[in-house]
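Working notes for the structure below.
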Amino acid sequence: MERLGTLRRNMMRVTGAVAMSAVLALGAGACGGGDDDKSGGDGITIGFMGDLTGENSGLVIPPYQGAQLAVEQYNATNPKTKVTLKKYDSQGKPEQATTLAQGAIKNDKITAMIGPAFSGESQSVAPILEEAKIPSVTPSATNITLAEKGWKFWHRAVADDAVQGNGAGGFIADQIKAKKVFTAHDNQDYGKGLAESIANVVKPKGAQVEADGVDEKATDYSSTVNKIKQFNPEIVYFGGYYSVAGKLFKQLREAGYTGKMMSGDGSLAAGLVESTGQKNAQGALLSCGCVIDAAGKVSPKSKKFADEYKAKFGSDVAIYSSEGYDAATALLEAIKAGKTSSGDINDFLKTVSFEGVGKQIKFDDKGELASQDIYVYEVKDNTIPLLGKSNEAKPTS
Amino acid sequence: MLDNFVNQFWPSTIDGLSLGAIYALIALGYTMVYGVLRLINFAHAEIFMVGTFASVFTVQALGLSDVGGLGLIGVVVVLALVSGLVSGGSAVLLEAAAYRPLRKRGASRLAALISAIGASIFIQQLFATIVVPLLFDTSKEAGKLPVNEHFVTRSNVIDFGPITISNDRLIVFLGAILMMIALDQFVNRTKLGRGIRSTAQDPETAVLMGVNIDRVVTATFLVGGIMAGVAAALYIVRFEQAWYFSGFLLGIKAFTAAVLGGIGNIRGALVGGFALGLFEAYGASIFGSGWKDVVAFSVLILVLMFRPTGILGESLQQARA
């Protein structure tokens, strides 16, 4: 429980300026979306659940918009079965999500669900969906244990935290070829787990590892900085959230550390650059199972998606927006194939396989994404553009 | 473990002293109010927080960037003035709003304590939801995010073998020492200072001798607030980040420093602040950063076991010049 709770907090904290602007961009338009009254008849209602207005909505609005775009594009083709996307604003809170999920099943008769966005609420909602036999695809819940519950109707369109540890660890050992690695973390399950899994990957490859934990509420990280300076590693990997990563990276650079700095998806936000300071943040690396590809480097499909997203919402694709689009597309593929009942859609998801705007979408029998790709991003000026897959990317500096 | 301590001894000492200086300045506010009113002013941490925002706002308003060298000293003076005034003023307001009405009606100390906690939460949320979004022109949600303002250029002013001291650390340390000397002089040499000491010693007799208690209390809050404001300015120079919740942890640490040095004792706050800063830094270098609070608080318990009134003993009136 605690582990899931912390992961939810991981998600909760990653609110950056980019995300904020997304919130503003959505604004009033989304409230009056008018997507509530089209259900019934021969249409199908799909729910989207997550923190859509709370303080962490910056993480959830991009995947919601991705899903919204997918559904609109589908409906624009005049299909036999129209789809309505109905949103459920759980505020990321498990207890609220539970009530909403029950209402969604009983009153709105949803056929499938995208979400819940965070791991904590997924933990509470998935059993309810399981009982009602409603299939779900989450764009962003990354906790490892979710796939171990034996849920038959649960899927996710993003790699879990263990996969990220492998990918980022492999990147450090094979691409950077670091012989001395320092792993820092914020002493919480998500951050510590990620940092430890990095250490476990790089150690067998011959790297020397030292570790230290910092207090997320504190400001002064000089004791950790002193340890790092003494060890003098080629790279420091921090497991945790961007606000802590920013403070640590800033103090490292100010103390004269010149090696590389890297962190995970919890730090993949514009707020990282802001709190590190643009000058000190340059070249900082981030790993994530998500594809954020505003420049359209990954594939023609991701380029098309980035352009359409920007045209519709006026902002660049952000964290988990392509996962939201792909999660919706997985369900829409089923409906296109004539599967309109929850059970049929779920059976279809077991076999679905298509090239999404982010990754290849194919689920294993646990509902886990088959693709194990982890992507690396690098801070450049005040943006964090994609560098490439973790097994191919080369840092520019 | 121990070789870490040896290898990191000098950087730990310098970091411990510069953080301890900030603890000490904040601790003064706790200790003075306790000396005069026998009240733990838990909202004092928020007075510090208000000061950090005043400093960051001043930096933005003046459009400062890349400040280093002697210019940094000038900037610190300006920030300390602004934050000192804002924090001092806030502390006086806080007293007038949260404590004076209770005192006039003869409420118990427990009631004042609850009022302090209430005021603390009120000020935090006021900043998170209204003041920060207004002051920095951000969205309402962003009020809970830290405000960063990078304006200091750091350089090593002392580079002597293993001992390197950066300009910001030196300024924080010296600035805090200067303020504490000034306060010591104020309390021991001025009429108002004598009033504060006499009220701390025996309020009833002080009144009989013609001391205006309300004035003394206001002065105590003002001076404590100014110290917190200066601490905030130094903190901003060192860390460049203001956050509505930043007072919480520092407040606890500063309160601990006050108790460690002897609550109610002005010089005790100084000793306690530096001692706590050093224990934390050494503890972290030996056992890892996760253990620094364990080490610091173990030391606190040990000290209190053998000296229940803290390192320098308890009361304000005993602090001689």
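So that the names make sense, note that chain A is the first sequence line, chain B the second, and so on, each numbered from 1.
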*Could you check B:Asp15 against A:Ser223 for side-chain contact (heavy atoms from CB on, under 4.5 Å), going step by step and ending with a plain yes or no?*
CA-CA 8 Å; B:Asp15 290 330; A:Ser223 55; over 6 Å; no
*asked:* Can you tell me which portion of B:Asn156 sits under 4.5 Å from chain A's heavy atoms? Options are side chain, backbone, both or neither.
replied: neither
_Nearest-0.5 Å distance, CG of residue A:Asp220 to OH of residue B:Tyr235_ = 9.0 Å
*By side chain to side chain contact (heavy atoms under 4.5 Å, CB included), which residues pair with A:Leu100, not counting sequence neighbours?*
A:Met49, A:Tyr88, A:Ser90
*Where does B:Tyr282 contact chain A at under 4.5 Å (heavy atoms): side chain, backbone, both or neither?*
neither
*Find the one option among A:Ala218, A:Ala211, A:Gly277, A:Gly256 whose heavy-atom pairs under 4.5 Å with chain B are most numerous.*
A:Gly277
*Is chain B contacted by the side chain of A:Lys229, its backbone, both, or neither, given a heavy-atom distance below 4.5 Å?*
neither
*Should we say atom NZ of A:Lys179 is surrounded by more than 12 heavy atoms from elsewhere, each under 6.0 Å from it?*
yes
_If I take atom CG from residue A:Asn226 and atom CG from residue B:Asn4, how far apart are they, to the nearest 0.5 angstrom?_
10.5 Å
_Pick from B:Arg154, B:Glu149, B:Glu280 with the largest number of heavy-atom pairs that fall under 4.5 Å of chain A_ = B:Arg154
*Closest-packed option against chain A by number of heavy-atom pairs under 4.5 Å, given B:Thr164, B:Ile14, B:Leu19*: B:Leu19
*Is A:Lys227 reaching over with its side chain to a backbone N or O of B:Ala284, donor-acceptor style, under 3.5 angstrom?*
yes
_Which residues pass the ring-ring contact (aromatic ring centres under 6.0 Å, His included) test with B:Phe297, not counting sequence neighbours?_
none
_Tell me the closest heavy-atom pair linking A:Thr224 and B:Ser289, and the distance in Å._
OG1-OG, 2.8 Å
_Per-residue contact mode, A:Asn187 against chain B (heavy atom under 4.5 angstrom)_ = side chain
*How about B:Trp243 and A:Thr219: do any of their side-chain heavy atoms sit closer than 4.5 Å?*
no
_Residues of residues 49-67 of chain B within contact distance of chain A, non-hydrogen under 4.5 Å_ = none
*Max heavy-atom pair count under 4.5 Å with chain B, selected residue of A:Ala255, A:Gly213, A:Ala184, A:Gly246*: A:Gly213
_What I'd like to find out is whether the side chain of A:Lys250 reaches to under 4.5 Å of the side chain of B:His150, using heavy atoms alone._
yes
*Any side-chain heavy-atom pair from A:Gln251 and B:Phe239 closer than 4.5 angstrom?*
yes
*Using a cut-off of 6.0 Å, state whether more than 12 heavy atoms not belonging to A:Lys180 lie near its atom NZ.*
yes
*asked:* Is the shortest side-chain heavy-atom distance between B:Leu249 and A:Asp215 below 4.5 Å?
replied: yes
*Give a yes or no on this: more than 12 heavy atoms of other residues, nucleotides or ligands lie within 6.0 Å of atom CZ of B:Phe122.*
no
_Partners meeting side chain to side chain contact (heavy atoms under 4.5 Å, CB included) with B:Phe173 (sequence neighbours left out)_ = B:Leu17, B:Ile177, B:Phe274
_Does B:Asp137, at its CG atom, have more than 12 non-hydrogen atoms belonging to other residues, nucleotides or ligands within less than 6.0 Å?_
no
*asked:* Once rounded to the nearest 0.5 Å, what's the spacing between atom NZ of A:Lys247 and atom CG of B:Asn148?
replied: 9.5 Å
*Which one, B:Glu240, B:Lys253, B:Arg238, B:Lys292, leads in non-hydrogen pairs under 4.5 Å with chain A?*
B:Glu240
_Part of B:Ser166 lying under 4.5 Å from any heavy atom of chain A_ = neither
